[in-house]
Amino acid sequence: MAKETPMMKQYKQIKAEHQDAFLFFRLGDFYELFLEDAVKAAQELEITLTKRGQGEDSIPMCGVPYHSAEHYITQLIAKGYKIAICEQVEDPRTAKGVVKREVVQLITPGTVMDGKMIDEKENNFIGAVHDFEDGTVALARIDLTTGESVASLLTDDPKDWTRELAGTSVKEVVVCREAPERILEEIKKLGITVSYEDNTGVDQAFHSLCRHVQQDKIIQTYARLTNYLSSTQRRSLDHLQAVEIFNPNNHMQIDVFSKRNLELTETIREKTKKGSLLWLLDKTVTAMGGRLLKRWIEQPLLEKDSIKERHSLVSSWLENFFAREDVRDKLKEVYDLERLCGKVAYGNVNARELVQLKRSLLQVPGIIEIISSLNNEYASKQIESVDMCSPLVDLLEKSLVDEPPISIKEGGMIKDGYHEQLDEYKHASRNGKEWISSLEKKEKERTGIKSLKIGYNKVFGYYIEVTKANIPYLEEGLYERKQTLTNAERFITPELKEKEALILEATENIEQLEYDLFLDIRERVKDYLAPLQQLAKIISEIDVLQGFAVLSEEQNYVMPAFSENRKVVIREGRHPVVEQMIERGEYVANDVTMDKECEMLLITGPNMAGKSTYMRQLALLSIMAQVGCYVPAAKAELPLFDQVFTRIGAADDLAAGQSTFMVEMLETHHALSKATENSLILLDEIGRGTSTYDGMALAQAIIEHIHNNIGAKTLFSTHYHELTALDQNLPRMKNVHVSAMEEDGEVVFLHKVIPGQADRSYGIYVAKLASLPDSVIERAEVILKELEGGQSFVKTRSLEDNEKEASPQQLSLFQEEPAALKHTKASEEKASSQAKGVLSELKKADVLNMSPIQALQTLYDLQQKIKD
Ligand code: ADP
Ligand code: MG
């Protein structure tokens, strides 16, 4: 092999330090990727993979143009990758040998700051996790874009700490290099990018932010995170807020599984916000409000007084329609203050954004006035100590023009009268320009050329333009040729040259001075980071709560009450999301009544009747209530639930790859071991993933266990009708069923939940809806009748039976082949081997342990096999 080029040597050296990132290696106008990076990037980005070098020594390479790199970086970040940007750090023209290159920035999913790479209505957290020997796990997370910092000390039960990671928009997690595999696995399972940092000493810069924290484990983990940030970001992090300790025990806990099942922030199938509870509740006006709402939904409250405060404010906004509309109008003008603080600290805010900041701040007094007009005790307390940052408004008002450019290097940002020296430069520049425009007139008079003009371009500066025909009229020796066009010549005179120098100098001075002044203004904004962040908090809360009021009014929600003795009384409750998905007025409202005498409802009813919807409805209403929102019902009284568990029988679990009976049981086990009498448990067709007797036995044992040992409020839906007899021995369990009605042989779902058990399951009807062949449906009906008639086993219909019934033109698989029909050898063999297969499968089928549905499916499958 030939010797490696010096540049490749340099590449490999740099790459060795950034093994887990794509190395974007700057080469002229391109970022190039080599070797494995190139192969992987070409695949992920769908760009062409090429080669560098010839023949044997060639290596894979691909590249993206420097000016459109952002587009590709965004795609890679969205897929959870990291990117190390490696730039040329010396001028290639003066470099000796290979141009010096360095990694100037590491872009990772948890540290992106750029607007296009982050969702404005979602936090973008980077976390650190450490597993300590005493069975605790510390977790810290920071949103670089907003400066929020939160930390918790949890148990090392993966359910416990992954719940805090999964529900909170954490995109990247920092761990120590020796982190155990089981920790890494859990993180990867959540699709979160992993990064490493071993230093756990608190840097001086972050000392004040965690001084109040007592637990050393949290401090170490927080330090691990900030050390990682300092080493990858290499810039100011002044906007980071003091660490807030989050104790999950002060909140309603909803594990990852239940969050997904209840579709709190995204739907199960499409993984979109649309169709989730978050989507429904989001009537916020600002991005900050949107982010806060998501956090609230993920962490409903447990403490009654705090919940009541939120309810009271929703009530105030409901009562004051005009105030609400007013505040919504004002909020529309409020820019994302939290992320703006991040940009100010990071040093990438421009003048246009600072003007937006000013406009936002100008809305604040009006907003505060509206809030105080509500005469709401809680709201008044919130705004009591608010700092409206008036001096900052004055500064921005006085210094920046109303429509500054995006660039901060080309002037045009600073108002007249803000800075004396700048005004002088501007004066000189304006004077010069005026002088030049008067020159045109003078020159026309002097030369008598009417078409003469004076112009300016970036390359040649100022010039006098004269058409070719008029050139003889120019006085000789005075006009110096500068540029030749097809029809005209451009000239300069000594007089014009002199002025031009003055003007250009003034422009240069203006640009430099404006830039300096802007940096100074930006520095002064930094002094206001804390009050701005405080203001952002108040505004986002106001925004979320006014949104609850808007929704509650639109949808007729009511304020829920909280019962002291674990009573559930819901009158005319509705599933908030399903209600939106069907035609208005079509939703059938349902009651839920549970108390000390009734801890558990066993729900039966045909498939598609609305059992799952009914169960989830209670969970969603409870979550909405504890988030501080009103609820879709005519009346609602609820306990404060400490935890909500939702488990779904494996056959019903839509999330791909999870539908094993083992998962169903593991998840159920977790619910049973963690639930208390203050929890809410939803078990939807548990036991479904195994054979009938097995499943029924498990379901019964689980029901008994919850009833006798836990006492949590439980809704259990089942297709095992036999279980409804349990109410004889379990005094706190009641049967309810979702009613359906038969009309002219068709089933009409009434979606109404009423006491007592359902009489039959209508499974066959659903099969009909799904267009199974008529012959299968008819046969299933016969089997069902016989089963219902007390037969424990229905004789399998043999193929001979089939044969007897077969119409003459149908070809039986077993009949002697009629002479008239000529088959090829191959198709004959195929048919007989199919028949053998069907027979042997039929022999193996465990008919006794099949549910009617399973029998039906088996029959159907077999039939498909012998159909052509
Ligand atoms: P089950 O769990 O009993 O099989 P689901 O709860 O999944 O049934 O409900 C099936 C469908 O019936 C839902 O997707 C919804 O469209 C409709 N539905 C359920 N409950 C109601 C209701 N109370 N009012 C109107 N439609 C409902
Ligand atoms: Mg269901």
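Everything numeric in this text was worked out from a predicted model, so none of it was measured. Each ligand, and each atom within it, is numbered from 1 in the order the structure gives. Heavy atoms only: backbone and side chains are in, while hydrogens, waters and symmetry mates are out.
Note: an N/O pair closer than 3.5 Å links Ser612 and ligand 1 by distance alone. Considering both main-chain and side-chain atoms, Met608 comes within under 3.5 Å of ligand 1 through a nitrogen or oxygen pair.
Annotation: cation-pi geometry not satisfied between Arg328 and Trp317 (NZ/CZ under 6.0 angstrom from ring centroid, within 45° of ring axis). Geometric assessment of Arg324 against the ring of Phe321 yields a negative cation-pi assignment under the 6.0 Å and 45° thresholds.
Contact annotation: for Ser717 versus ligand 1, there are no heavy atoms closer than 4.0 Å.
For ligand 1 and Ile582, the ligand atoms under 4.0 Å from any heavy atom of the residue are 25 (C), 26 (N). Those atoms of ligand 1 with a heavy atom of Asn607 less than 4.0 angstrom away are 4 (O). Taking a cut-off of under 4.0 Å to the non-hydrogen atoms of Pro606, the atoms of ligand 1 that pass are 3 (O). Within ligand 1, the atoms closer than 4.0 Å to a non-hydrogen atom of Gly610 are 1 (P), 3 (O), 5 (P), 6 (O), 8 (O), 9 (O), 19 (C), 20 (N), numbered from 1 in the order shown.
Using modelled atom types, one finds a donor on one side chain and an acceptor on the other under 3.5 Å when comparing Thr284 with Lys121.
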Residues 577-586 side chain polar contacts: donor-acceptor under 3.5 Å, at least two apart:
unit_1, atom_1, unit_2, atom_2, d
Glu579, OE2, Arg574, NE, 2.7
Glu579, OE2, Arg574, NH2, 3.3
Gln580, NE2, Gln555, OE1, 3.0

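Evaluated by nearest non-hydrogen atom to atom 23 (N) of ligand 1, the leading choice among Thr613, Ile648, Val588 is Val588.
Aromatic ring pairs are classed by plane angle as parallel below 30°, tilted from 30° to 60° and perpendicular above 60°; the pair His311 and Phe562 is parallel.
Atom OG1 of Thr604 and atom OH of Tyr720 lie 14.5 Å apart (nearest 0.5 Å).
In this structure, Ala609 counts as a contact residue of ligand 1, since one of its heavy atoms falls inside 4.0 Å of the ligand.
Not a single salt bridge (Lys or Arg N to Asp or Glu O under 4.0 Å) links Glu778 to another residue, sequence neighbours left out.
Residue Ser612: an N/O/S atom is found under 2.8 Å from the Mg ion (ligand 2).
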